[in-house]
Asks: 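Structure incoming, see below.
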Amino acid sequence: MAYDEDTAIVLWPEYFDINRTRAEGRRVPKELCVEKPSLDMIAKGAIVLDLDYEVYEDKCYPSDWIAKRGCVRVEKGKMKKSEILPRIGATLKDNQGAK
């Protein structure tokens with residue numbers, strides 16, 4: 001499936017930040033989180049899952065609108081957002097250990 005901006009899923013770095021609580025926006029278990037996830041790391045996770053994506057560096061997470069950390073939008077594909085998030089998190093965790 002090709003990338004469609006209208007149906008794309010937004011992935012914020014805050015979803016994968018180990019230093020955030022669930023109330024502050026973390027969406028995956030701490031076992032799948034890393035410290036200071038970057039947009040490049042999330043984009044690499046999308047590549048591993050074979051998803052088309054676009055990086056938006058000038059976007060702000062709604063509850064932290066001062067910090068412009070950006071976001072990655074990925075194609076919806078055949079997976080739900082609840083399936084994509086842990087898989088991206090596992091990829092981030094694996095790539096962090098490789099550094």
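Bear in mind that the values here come from a model prediction, so they are computed numbers and not experimental data.
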Asks: Got a sec, which residues hit ring pair (Phe, Tyr, Trp, His ring centres under 6.0 Å) with Tyr53, two or more places apart in sequence or on another chain?
Replies: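 In terms of ring pair (Phe, Tyr, Trp, His ring centres under 6.0 Å), with neighbours along the sequence ignored, Tyr53 is linked to no residue.
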Asks: How close do Leu85 and Phe16 get, heavy atom to heavy atom, and via which atoms?
Replies: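 Looking at all heavy atoms of both residues, the shortest contact is O-CE2, 3.4 Å.
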Asks: Would you say Lys30 and Leu32 make side-chain contact, with heavy atoms under 4.5 Å?
Replies: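 Of all side-chain heavy-atom pairs linking Leu32 with Lys30, none is under 4.5 Å.
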Asks: Rounded to the nearest 0.5 Å, how far apart are CE of Met41 and CG of Leu92?
Replies: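 Interatomic distance, Met41 CE to Leu92 CG, rounded to 0.5 Å: 5.0 Å.
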Asks: I need the Tyr61 OH to Glu24 CD distance, nearest 0.5 Å.
Replies: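 The OH atom of Tyr61 sits 9.5 Å away from the CD atom of Glu24.
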Asks: Does the pair Arg73 and Leu11 meet the rule for a side chain to side chain contact (heavy atoms under 4.5 Å, CB included), with working shown?
Replies: CA-CA 6 Å; Arg73 296 189 72 184; Leu11 302 178; over 6 Å; no
Asks: State which residues pass salt bridge (charged side-chain N to carboxylate O under 4.0 Å, His left out) with Arg69; sequence neighbours excluded, sorted by chain then number.
Replies: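 Counting only residues at least two positions away or on another chain, Arg69 forms a salt bridge (charged side-chain N to carboxylate O under 4.0 Å, His left out) with Glu14, Asp17.
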Asks: Ignoring hydrogens, what is the shortest heavy-atom contact between Val72 and Ala43? Give both atom names and the distance.
Replies: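 Scanning both residues, the minimum pair turns out to be CG2-N, 4.4 Å.
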Asks: Would you give the length of the straight line joining atom OG1 of Thr91 to atom CD1 of Ile84, rounded to the nearest 0.5 angstrom?
Replies: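 Those atoms lie 11.5 Å apart.
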Asks: To the nearest 0.5 Å, what is the distance between CD (Glu75) and CG (Leu49)?
Replies: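 Answer for the CD-CG pair, Glu75 versus Leu49, is 10.0 Å.
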Asks: If you look at every heavy atom in Pro37 and Pro13, which pair is closest and at what distance?
Replies: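 Taking every non-hydrogen atom into account, CG-O, 3.2 Å.
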Asks: Indicate the atoms forming the closest heavy-atom contact of Pro62 with Trp12, along with that distance.
Replies: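 Heavy atoms of Pro62 and Trp12 come nearest at CD-CZ2, 3.9 Å.
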Asks: Verify side chain to side chain contact (heavy atoms under 4.5 Å, CB included) between Lys81 and Arg27, making sure each step is shown before the conclusion.
Replies: CA-CA 11 Å; Lys81 186 173 186 174; Arg27 286 282 196 83; 3.8 Å; yes
Asks: Rounded to the nearest 0.5 Å, what's the gap from CD1 on Ile88 to NZ on Lys93? Could you check?
Replies: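 Spacing of CD1 (Ile88) from NZ (Lys93) equals 15.5 Å.
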Asks: Could you tell me the separation between the CZ atom of Arg87 and the CG atom of Leu51, rounded to the nearest 0.5 Å?
Replies: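 Between atom CZ of Arg87 and atom CG of Leu51 there are 9.0 Å.
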Asks: Should Val48 and Val34 be counted in the same cluster of Ile, Leu, Val, Met, Phe, Trp and Tyr side chains packed under 4.5 Å apart?
Replies: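 No, it is not one cluster - the side chains of Val48 and Val34 are not joined through contacts under 4.5 Å.
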Asks: Got more than 12 heavy atoms from elsewhere within 6.0 Å of CG, Asp58?
Replies: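 More than 12 within 6.0 Å, yes.
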Asks: Sequence neighbours excluded, which residues qualify as side chain to side chain contact (heavy atoms under 4.5 Å, CB included) partners of Cys33?
Replies: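 Counting only residues at least two positions away or on another chain, Cys33 forms a side chain to side chain contact (heavy atoms under 4.5 Å, CB included) with Ile18, Arg26, Val28.
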